[in-house]
2 protein chains.
Amino acid sequence: MALENQELRKAGLKVTLPRVKIYQILEKAGEGDHFSAEDIYKLLLEHNEDVGLATVYRVLTQFEAAGLVSRHHFEGGHSVFELTQDEQHDHIVCVKCGKVREFSDPALKKRQDQIAKELGFKITDRTLYLYGECADGCKNTK
Amino acid sequence: MALENQELRKAGLKVTLPRVKIYQILEKAGEGDHFSAEDIYKLLLEHNEDVGLATVYRVLTQFEAAGLVSRHHFEGGHSVFELTQDEQHDHIVCVKCGKVREFSDPALKKRQDQIAKELGFKITDRTLYLYGECADGCKNTK
DNA sequence: CTGCATGCAAAGTCTTTGCACTCGA
DNA sequence: TCGAGTGCAAAGACTTTGCATGCAG
């Protein structure tokens, strides 16, 4: 049995074609790649998988609830998804080409924790998005 | 002439009733208060100001373009607005009561700049949202 | 078999736009 | 006066939901 099937079972989700296919897309893309529901829907169509957009949303939402994927709200209204990684990380997005880089910085987190503590908050989640222009490799393609 | 009128003129916007009223709402609320378009719309209605929701959005968008207000996308889909403050700052949101606290930490920004530099990005914007539960004063009202 | 999962279409939410009318300068 | 600004309703973008059918276990 493939890895993804176990992940699905673990999450209490029946192993169905749409779920497996969507998981595979996210998995194959690897870290640092982010998809909108629409992106995934189109990829499925390209692979001749007859999956509805509504199902994509449903599956992604279930995956999120199960902790398999993380949902981000970058600028521009729609949500993007990525496989949840072991370590929580932040994002820097190129406003010109749309490229997303991830980074994780202990010092940054530590300082955030400290600030939250000073303000009397118990942090449950955090999002840091940096927006900018990437120097090299930015082909302005998006 | 009131302060807000000058601000509007400076932004190249004709001084009209909706714009003045909306500016006043944001101004009176002070720092740390955040409004959705809907919030402002309701407040206007309470003050018996006959302003359409579409106008609220238009005005807020114009204000944003003029740099008078900042738009944020917290969790939950809709945008919130606040008067732009002298210094860029971050937000910590209570997930239980919806309270928003602001903070600004030079060390945090400096580290972010450094990271961006290492990744070859020129930062144009940044958003850090911390989510958590505020210890005291949280009446779970929202 | 049995019920969870899916596809389709319809409904929802938040936001923007088109158009004729109104108001500020 | 006269064009920018406004209100209303309709349209749009993204996401969720209802319902009959289909498939996994």
Pairs under 3.5 angstrom, nitrogen or oxygen only, protein versus nucleotides 23-25 of chain D, please.
| residue | atom | partner | partner atom | Å |
| --- | --- | --- | --- | --- |
| D/dG25 | OP1 | A/Arg9 | NH1 | 3.4 |

Donor-acceptor contacts, no H, no angles, side chain residues 118-132 of chain B, under 3.5 Å, sequence neighbours left out:
| residue | atom | partner | partner atom | Å |
| --- | --- | --- | --- | --- |
| B/Thr124 | OG1 | A/Tyr131 | O | 3.2 |
| B/Arg126 | NH1 | B/Lys109 | O | 3.4 |
| B/Arg126 | NH1 | B/Gln112 | OE1 | 2.9 |
| B/Arg126 | NH1 | B/Asp113 | OD1 | 3.4 |
| B/Arg126 | NH2 | B/Asp113 | OD1 | 2.9 |
| B/Tyr129 | OH | B/His72 | ND1 | 3.4 |
| B/Tyr129 | OH | B/His73 | N | 3.3 |
| B/Tyr131 | OH | B/Glu75 | N | 3.3 |

Expected list for residues 52-63 of chain B: side-chain donor-acceptor pairs under 3.5 angstrom, two or more places apart:
| residue | atom | partner | partner atom | Å |
| --- | --- | --- | --- | --- |
| B/Thr61 | OG1 | B/Tyr57 | O | 2.8 |
| B/Thr61 | OG1 | B/Arg71 | NH2 | 3.3 |
| B/Gln62 | OE1 | B/Arg19 | NH1 | 2.9 |

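In terms of heavy-atom proximity, A/Thr84 sits nearest to A/Val69 at OG1-C, 3.0 Å. Taking every heavy atom of both residues into account, A/Ser104 and A/Glu87 meet most closely at OG-OE2, 3.5 Å. Nearest heavy atoms, A/Glu133 versus A/Cys94: CA-SG, 4.0 Å.
Looking at B/Arg9 and B/Leu13, their side chains never come closer than 4.5 Å, going by heavy atoms from C-beta outward.
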Any chance you could lay out the ring-ring contact (aromatic ring centres under 6.0 Å, His included) test for A/Phe74 and A/His91, step after step, and finish with the verdict?
-> CA-CA 9 Å; A/Phe74 294 155; A/His91 298 85; 5.5 Å; yes
Carefully, step by step, assess B/Asp105 and A/Arg111 under the rule side chain to side chain contact (heavy atoms under 4.5 Å, CB included).
-> CA-CA 9 Å; B/Asp105 188 76; A/Arg111 183 76 192 112; 2.5 Å; yes
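The CZ atom of B/Phe81 sits 8.5 Å away from atom OG of B/Ser36, with the distance rounded to the nearest 0.5 Å. Note that CG of B/Leu45 is 7.5 Å distant from CG of B/Asp50, once rounded to the nearest 0.5 Å. In this structure, B/Ile25 CD1 and B/Leu83 CG are separated by 12.0 Å, a value rounded to the nearest 0.5 Å. The CD atom of B/Glu49 sits 10.0 Å away from the CD1 atom of B/Ile22 when rounded to the nearest 0.5 Å.
The nearest whole Å value for the distance from the CG atom in B/Leu44 to the P atom in D/dT6 is 12 Å. Here D/dT15 presents its C1' atom at 16 Å from NE2 of B/His78, a figure rounded to the nearest Å. To the nearest angstrom, C1' of D/dT15 lies 11 Å from NE2 of A/His73. Rounded to an integer number of Å, the gap from CD1 of B/Ile22 to P of D/dG5 is 13 Å.
Between the side chains of B/Gln24 and B/His47, not a single donor N or O lies within less than 3.5 Å of an accepting N or O.
Annotation: proximity of residues 53-65 of chain A to DNA chain C (heavy atom, distance under 4.0 Å) is found for A/Ala54, A/Thr55, A/Arg58, numbered in ascending order.
Protein chain B contacts DNA chain C over a range whose 5' and 3' limits, counting nucleotides with an atom under 4.0 angstrom from a non-hydrogen atom, are C/dC14 to C/dA25.
Axis angle, first five pairs versus last five pairs of the helix from C/dC1-D/dG25 to C/dA25-D/dT1: 30°, rounded to 10°.
In this structure, B/Ser36 reaches neither bases nor backbone, as no heavy-atom distance under 4.0 Å exists between it and the strands shown.
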